[in-house]
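I have placed the structure first, in the form of structure tokens, so that the comments after it can refer back to it.
What you see is a predicted model; the values in this text were computed from it and never measured. All ligand and atom numbering here is 1-based and tracks the order in the structure.
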Amino acid sequence: MSKDEGSLRLEDQGRKLIVAIDGPAGAGKSTIARHLAQHFGLLNLETGAMYRAFALKALRAGLPLNQSAALEKLAAETTLRLEPGEENNCVLLDDEDVTGLIRSQMVTDGASKVSVFPAIRAWMVRMQQELGASGGVVMEGRDIGTVVFPHAEVKIFLDAAPEVRGMRRFDQIVPKTSVQPEEVIRDLRERDLRDRNRADSPLKPAPDSVLLDSTHMTLEETVAAAESIVAAKLHQPAYRS
Ligand code: DC
């Protein structure tokens, strides 16, 4: 970080910025959010982990993931906590740390399925608004700039072509014994379709978001572009001490 940028860190200024990062699966939101959080001294909150933890609970309970009333009842008996960490968020489901259990394909699909129901979304949105209420956060998900924090000071919509996102996901899978790139791309397209077409808070860019398409960008280039979007905001008079 340059000296000038360093002097613009939020904690130095007492400003409570909210950075919303939305976009489809595999666009690199978590990586970018983590970099921004470290660079600007913000808390990093991954809202997808909350949907994932709830899906895990529903799966464990053997609930069909298409029954809103049953899911709503389960939600009423559930406590979720998201704790920002150095690298990843820690997710506590009824006080159990499930951070390591929510990345399987089954939970991934489940999260996308439970997230279509308005009552589940309203519950999640309430918790997320409380988490970010004091500001000083990067929050990433699908509806942060549109629903959770429509007044966020910075909104980035991070996108990339489905084939590129699928291949990036495939590269992260270890071991690759039983999975083909085509399957990963197909699953991702299915999830995209559900996330973008649900009636309640579908994934879409907020009108005032900055679109960042990383299809032809390296990770370093995408991080640099995201940093300059936030830095441009911090350089505005309201954010200068
Ligand atoms: O970001 P992720 O892959 O961990 O999200 C998992 C699912 O949760 C995603 O398919 C849709 C849902 N989700 C959502 O609907 N709204 C959010 N703010 C975050 C995630």
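- Within the structure, the closest approach of Gln128 to ligand 1 does not fall below 4.0 Å when heavy atoms are considered.
- In terms of polar-atom proximity, Glu140 is not counted as a contact of ligand 1, lacking any N or O under 3.5 Å from an N or O of the ligand.
- The distance criterion of under 3.5 Å between nitrogen or oxygen atoms is not met by Lys29 with respect to ligand 1.
- Residues Glu130 and Arg126 are not paired through a salt bridge, judged by the lack of any N-O separation under 4.0 Å between the basic side chain and the carboxylate.
- Distances from atom 7 (C) of ligand 1 to the heavy atoms of Ser201, Pro202, Gly23, Ala111 put Ala111 nearest.
- At the top of the distance list for atom 8 (O) of ligand 1, counting protein heavy atoms only, stands Tyr51 CB, 3.5 Å.
- Remark: Arg121 engages Asp143 in a salt bridge, criterion side-chain N to carboxylate O under 4.0 Å.
- Under the 4.0 angstrom criterion for non-hydrogen atoms, Met124 is not in contact with ligand 1.
- Lys204 has no carboxylate O lying under 4.0 Å from a charged side-chain N of Asp22, or vice versa, which leaves the two without a salt bridge.
- The ring-ring contact (aromatic ring centres under 6.0 Å, His included) pairs that include a residue from residues 52-111 are Phe54-Trp123, where partners are two or more places apart or lie in different chains.
- In this structure a side-chain-to-backbone donor-acceptor pair under 3.5 Å is present from Arg165 to Ala160.
- With hydrogens and angles disregarded, a donor-acceptor distance shorter than 3.5 Å links the side chain of Lys29 to the backbone of Pro24.
- Close approach of ligand 1 to Ser115 is summarised as follows: ligand atoms under 4.0 Å from at least one heavy atom of the residue are 11 (C), 12 (C), 15 (O).
- Remark: ligand 1 atoms within the under-4.0 Å shell around heavy atoms of Asp143 are 16 (N), 17 (C), 18 (N).
- Residue pairs meeting the side chain to side chain donor-acceptor pair (under 3.5 Å) criterion with at least one partner in residues 205-215, sequence neighbours excluded, are Lys155-Asp208, Arg168-Ser214, Asp213-Thr215.
- Defined by atom type and a distance below 3.5 Å, a donor-acceptor pair is missing between the side-chain atoms of Arg142 and Ser201.
- Ligand 1 has no nitrogen or oxygen under 3.5 angstrom from a nitrogen or oxygen of Thr108.
- In the candidate list Arg142, Arg169, Glu46, Arg142 is nearest to atom 1 (O) of ligand 1, counting heavy atoms.
- For Met50, no heavy-atom contact with ligand 1 is shorter than 4.0 Å.
- In this structure, atom 19 (C) of ligand 1 lies nearest to the protein heavy atom Thr47 OG1, 3.4 Å.
- Here the protein heavy atom with the shortest distance to atom 6 (C) of ligand 1 is Arg191 NH1, 3.6 Å.
- Between the side chains of Thr108 and Arg103, no donor-acceptor pair is found at a separation under 3.5 Å.
- Scanning the protein for heavy atoms near atom 16 (N) of ligand 1, the closest one is Arg121 NH2, 3.1 Å.
- Contacts between Arg198 and ligand 1, counted as non-hydrogen atom pairs separated by less than 4.0 Å, involve the side chain only.
- Judged by distance alone, the side chains of Asp195 and Ser112 do bring a donor and an acceptor atom under 3.5 Å apart.
- Shown in contact with Arg52 at under 4.0 Å from a heavy atom are these atoms of ligand 1, numbered in order with element: 2 (P), 3 (O), 4 (O), 6 (C).
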